[in-house]
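Since the structure comes first, as structure tokens, the remarks are kept for the end.
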Amino acid sequence: MGRASIWDELQRAWAITVKDMRIYYLRPASIMFGILFPLTLFLSFTVGRNMPPERLVPILAAQTVFWASSSIGPVAIPLERRLKTFDRYLSAPISLTSVLFGKILAGVIYGLAVSTLSLAVGIAIYGASKINIPIIMFSLALSSLGFSAFGIMFASIPWESPGEVMMPMNFVRIPLLFISGLFIPLENLPMLGQAVAFISPLTHTLDLLKLGLGSNSFFGIATNISMLILFTTLFIGMSTLFHRKTMKKE
Amino acid sequence: MTYGMTLGHDEIPHIDTFIYMSMLHSSNMGKAIIARGLTKYYGDLLAVDHISFDVEEGEFFGFLGPNGAGKTTTIRMLTGVSMPSEGSATIMGFDIVKQPVEAKGLMGIVPDISNVYEELTAWDNLIFTGKLYGVPKAKREERAAGLLRLFNLYERRGERIRGFSRGMKRKVCIAMALMNDSKVLFLDEPTSGLDVDSVLEIRRLVRELNRDGLTIFLTTHNLEEASQLCDRIAIINRGKIVAIDTPERLRHVMRGVQSVEVAFKAASKDVEEGLKALRGVSSLQKLGDKYRLYTDDPSTVLQEVFTYSKMVGLTPISINTLGPSLEDVFLKLTGREMEREIPRGPEMDGIRMGRRGGDG
């Protein structure tokens, strides 16, 4: 067997994605943190408050893509570590980058499916003044990639149960909801609040979705896209680093 | 390699590649595994200490040692799951750190626990493995069907692994390791914790695979298993290899460690002291209702035992002279006793460790 081509690597990564979709999408932890949790948060935030649809629908979509995409990796990887099935990837003729890409893609598809559905339901219930489908789909795709990588980064720390990953990750995920302009619009935040919001990837997802649903992007589309790409690269880099360190240590 | 069935053939490499590969590998022709100074630290703990060994192509190589000796760590380094702290290893000429994809493509791994996907069927597990190793669709389906037939699992291919017994899961795990038509098979404690039938069947299967030309690297703490299966055995203790040789030669080295084992119809507590004092007995071990008398002169001890039993009125119900077992070799080399498996019945004699032949 010779060196694997990029196409070979992509095919093997896709095999991991499909396998993860079959095994982990309907796991209780995936449904809990990927669907029920963002929905409950959204309802508790919006019910009884008279908010315009151009604010509600982007929040719903941003929240769901954030939670859903980042939940699959932290369910799959610790379980695979515990059952030693993760070792299968490490001993297979596939690069670590491709393994992580396959894992990330499983989160991306889950996030895209859940958020697209919630967006459609949101638009059907609340309505939307303007819909720019290319921008919406692009923002969901880019965001799901970033958030899935975010979940993989946490899952790359060698814990052996989803709970061990979800706990510290939620310590980051929940505060991000408060600093990303979901509950208080970015325009109403003080200067320091806006600076903090800028370094949250969720801010840029919300900003892009607002743009796609008839409002303006606070930081601008180019900044939003650049920041999401930057965060995605950082999360993938950190994931790879954590795995390599674990392989050296274990 | 066919493993008793048609599994297709490897593509013929381009002639330049072939010449290059030949040159590259000329110095290590016939070596399936080469380990040089392989070392692993866990923090300050030295788990594997600069071990070096070669495994020939087609060889059944045993890696023997007690729990915590460094067997699994070594296998993890050889298979690319863990990075060595120092040293190097090649699989069929490919460096596991520098050329991991090439090396991993030629090996199959059966870890110490059956790491199968329990939510998937046996068929899906094999197909997924085939995809992970880049086996083309038609070939992977043919191979999966062939392997499931070989392992008597074809009829249950559509069932989820969750409902399988331990032995069946183990067989699926071995079949998965063979999906890529591997040249080297790593087996980490493959029969540990299995029932007798599964142990015997797995041993038969791996023996057949080896007979068909597959190089096998087996780690075990079961001396009898290593003795029955392996061409050569390396004994590892506290991270260091203390001996590498054939099972017979290892026994031969220990020719001095012989014993006479005797059991009496009814023996008082004083018998132990009396036997220990016999001429030619260097030490005594009580094993259940038997007494094992270690000696370098079994014939003298035999005569002494008969004389003593007549003198004190004891009736011997069995007497055996025993040659050195691998356990003795292990004890002598490492100063540590091997873990014993719990006997599960008379047929386990061939499986549990420590059984010895009466070679006088």
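Computed from a predicted model, the values in this text were never measured in an experiment.
Between chain B and the residues A/Val99, A/Leu83, A/Ile23, the most heavy-atom pairs under 4.5 angstrom are made by A/Ile23. Between chain A and the options B/Thr73, B/Leu120, B/Thr129, B/Thr79, heavy-atom pairs under 4.5 Å are most frequent for B/Leu120. Of the listed residues (A/Arg244, A/Lys19, A/Glu9), the greatest number of heavy-atom pairs within a distance under 4.5 Å of chain B belongs to A/Lys19. Of all the listed residues (B/Val116, B/Ile96, B/Leu132), the one sharing the greatest number of non-hydrogen pairs under 4.5 Å with chain A is B/Leu132.
B/Arg160 CZ: 12 or fewer foreign heavy atoms inside a 6.0 Å radius. Counting non-hydrogen atoms of other residues, nucleotides and ligands closer than 6.0 Å to CG of B/Leu45 gives a total above 12.
The closest donor-acceptor contact from the side chain of B/Lys40 to the backbone of A/Lys248 lies under 3.5 Å.
Here A/Arg22 pairs with B/Asp124 in a salt bridge; the nearest charged N to carboxylate O distance falls below 4.0 Å.
Residue A/Leu26 holds its CG atom at 11.5 Å from CD of B/Glu119, rounded to the nearest 0.5 Å. Atom OH of B/Tyr117 and atom CG of A/Asp20 lie 7.5 Å apart (nearest 0.5 Å). Between B/Met83 atom CE and A/Thr246 atom OG1 the span is 12.0 Å, to the nearest 0.5 Å.
Contact detail for A/Ser91 and B/Val81: the closest heavy-atom pair is CB-CG2, 3.8 Å. Summarising the geometry of A/Ala92 relative to B/Tyr133, their closest heavy-atom pair is CA-OH, 3.8 Å, with the distance given to 0.1 Å. The heavy-atom pair separating A/Ala15 from B/Lys131 by the smallest distance is CB-CB, 3.7 Å. For A/Lys84 against B/Ile113, the heavy-atom pair with the smallest separation is CG-CD1, 3.3 Å.
When side chains are defined from C-beta on, B/Asn115 does not count as touching A/Phe86, because their heavy atoms never get closer than 4.5 Å.
Scanning residues 163-177 of chain B against chain A with a 4.5 Å heavy-atom cutoff picks out B/Cys173, B/Met176, ordered by number.
Of the two parts of A/Lys249, only the backbone, made up of N, CA, C and O, holds a non-hydrogen atom closer than 4.5 Å to a non-hydrogen atom of chain B.
Evaluation of the side-chain hydrogen bond (donor to acceptor under 3.5 Å, both in side chains) rule for A/Asp87 yields B/Arg76 as partners, not counting sequence neighbours.
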